[in-house]
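Structure record follows, encoded as structure tokens.
Every chain is numbered from 1 and lettered A, B, ... according to where its sequence line falls, protein lines coming before strand lines.
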Amino acid sequence: MRLTRYFLPALKEAPADAQIISHQLMLRAGMIRQEAAGIYAWLPLGFRVLKKVEKIVREEMDRAGAVELLMPTLQLADLWRESGRYDAYGPEMLRIKDRHERELLYGPTNEEMITEIFRAYVKSYKDLPLNLYHQQWKFRDERRPRFGVMRGREFLMKDAYSFDIDEVNARKAYNRMFVAYLNLFARMGLKAVPMRADTGPIGGDLSHEFIVLAETGESQVFCHSDLVEMGAPGPDVDWYGDLQLHVDKRTSLYAATEEMHDAAAFDALPEEKKLSARGIEVGHIFYFGTKYSAPMNAMVTGPDGKQVPAQMGSYGVGVSRLVGAIIEASHDEKGVIWPAAVAPFEVAVVSLRADDADVTAACETAYGQLIKAGVDALYDDTPERPGAKFSTMELIGVPELIVIGPKGLKTGVVELRNRKAGTTEEMSLEAAINRCLAGRKA
RNA sequence: CGGAGUAUAGCUCAGCCUGGUAGAGCGCUUGCUUCGGGAGCAAGAGGUCGUUGGUUCGAAUCCAGCUACUCCGACCA
């Protein structure tokens, strides 16, 4: 993308409304624009990041055996009356009437609808296990939206729903999502720690929140510090075999949010392993058995010929929230430091003198080769001054810069700058291009 | 939903207390000079001061209603 043809309304000053760093940086970098309280337009740069997060979520869900579909944003109130939640949900639910006075709602979640779809088609245990998911905009009329996309009213969420014949298999489905989440957040450069969450009326141990540690986190969390650096199992696990060890490895160490905190258990940890910090919830997985399948009559026939309500779980990821969470976890005083996997652009070619023919020729070479290789490259071909360009590139957090100016070209070198490391290296144009291409595969 | 605020140029804000017909910086346009860390000079464009009503000879300024937004708290992917 040539910057002269792009739409990047970056701001020098942060609008006064923004309180936390991710909100400020998203506004300053021209990623989002607030259209109403808790409702944002995603400008081109922000949209690129959102799409990359969405893509990683999709790839990891697919890998774990979930199947993508797309359910509508609007739902019929009658569907929610089947589960009893139409009256139970309260004013957070946005209720709408169409021209025929039919009651609709803008979906805050999709348990009812997915159960309705499931029951319409699936009748036998032979069709299980099944995990259906989508990534769709939700609306919850929060009393007090804040923190930009971290706590918006309209938000993009990945929600998956598992269906199994019994609890044993439901636990396996839960474990698949547990492991998929570890991989998914790790790919985005996040250290997300699974923590015991409230299981509500079902009870048991099958609900976890995935928490990213960040100073500006919304809630206080407590955990064994080993969990933070434990890493992810990776894609090569035996998805339909035994994942329990991966889950046990993490759930055996203490980790809880404030609501679930057990001070005595935490105090029992070795002093140097006690970690008390702020956290951002980026995912939540939940087993809820027959809470929806029973009242909504989503029955499957087992091998014994008996009909039982499906055992269900749901698995959410705050996709739009993740964009903010990643920034909270990765920034400095100059701007965002994107992990490469979610960076809006992987490399930027920065022309220091747009009116210099040699500089332009070198830039075109670099940009052309990067684009040809499928790299998301940005070419700053504007006539701005170098200082302004560097500031903008640092603000929007491009991981690698190839800086090309007349002085360097005279001695046959360009600069390769790494945003995260803060390093600048001089090398030939070809070497810089190759480094960017090579760094990608790693 | 309780409490507290804010609303003036694209952004950050001043002006309001003590009414007299709107300003600064940044950004934007044009020109010249600049050009390796958010340049300098010059000339410009841009605002029915959130909205409705009231007081007044006169309202950005005082009063009331409404709307939107923000902050603190309680609640949430």
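Here A:E394 does not pair with A:R419 in a salt bridge; the nearest charged N to carboxylate O distance is not below 4.0 Å. Under 4.0 Å is where a charged nitrogen must lie from a carboxylate oxygen, and between A:R353 and A:D355 at least one such pair does. Look at A:R119 and A:E82 and you find a salt bridge, because one of the NZ, NE, NH1 or NH2 atoms lies within 4.0 Å of a carboxylate O, short of that distance.
Each of A:R144 and A:K12 was matched to the nucleotide of RNA chain B holding its nearest heavy atom; the match closer to the 5' end belongs to A:K12. The nearest heavy atom of RNA chain B to A:R33 and to A:R146 marks one nucleotide each, and the one closer to the 5' end goes with A:R33.
Both the sub-6.0 Å distance and the 45° axial angle are not jointly satisfied by A:R2 relative to the ring of A:Y379. Within the cation-pi definition used here (under 6.0 Å to the ring centroid, within 45° of the axis), A:R176 does not qualify as a partner of A:Y181.
For A:Y254 and A:H224, the distance between ring centers is not under 6.0 angstrom.
Across every strand in view, B:U55 sits unpaired, with no contact that passes the Watson-Crick or G-U test at under 3.5 angstrom. Both distances falling under 3.5 Å, in either a Watson-Crick or a G-U wobble arrangement, occur for no nucleotide opposite B:C16.
A:R353 has no side-chain polar atom (N or O) that falls below the 4.0 Å cut-off from OP1 or OP2 of B:C35. Taking 4.0 angstrom as the limit, A:Q34 places a side-chain polar atom (N or O) nearer than this to OP1 or OP2 of B:U70.
Heavy-atom distances under 4.0 Å link RNA chain B to A:R321 of residues 319-348 of chain A, given in residue order.
When heavy atoms are screened at a 4.0 angstrom cut-off, A:T109 is found touching no nucleic acid atom at all.
Under the stacking criterion of a centre-to-centre distance below 5.5 angstrom and an interplanar angle below 30°, A:F390 is not stacked against the six-membered ring of B:G38.
Evaluation of atom-type donor-acceptor distances gives a pair under 3.5 Å for the side chain of A:R28 against the base of B:G38.
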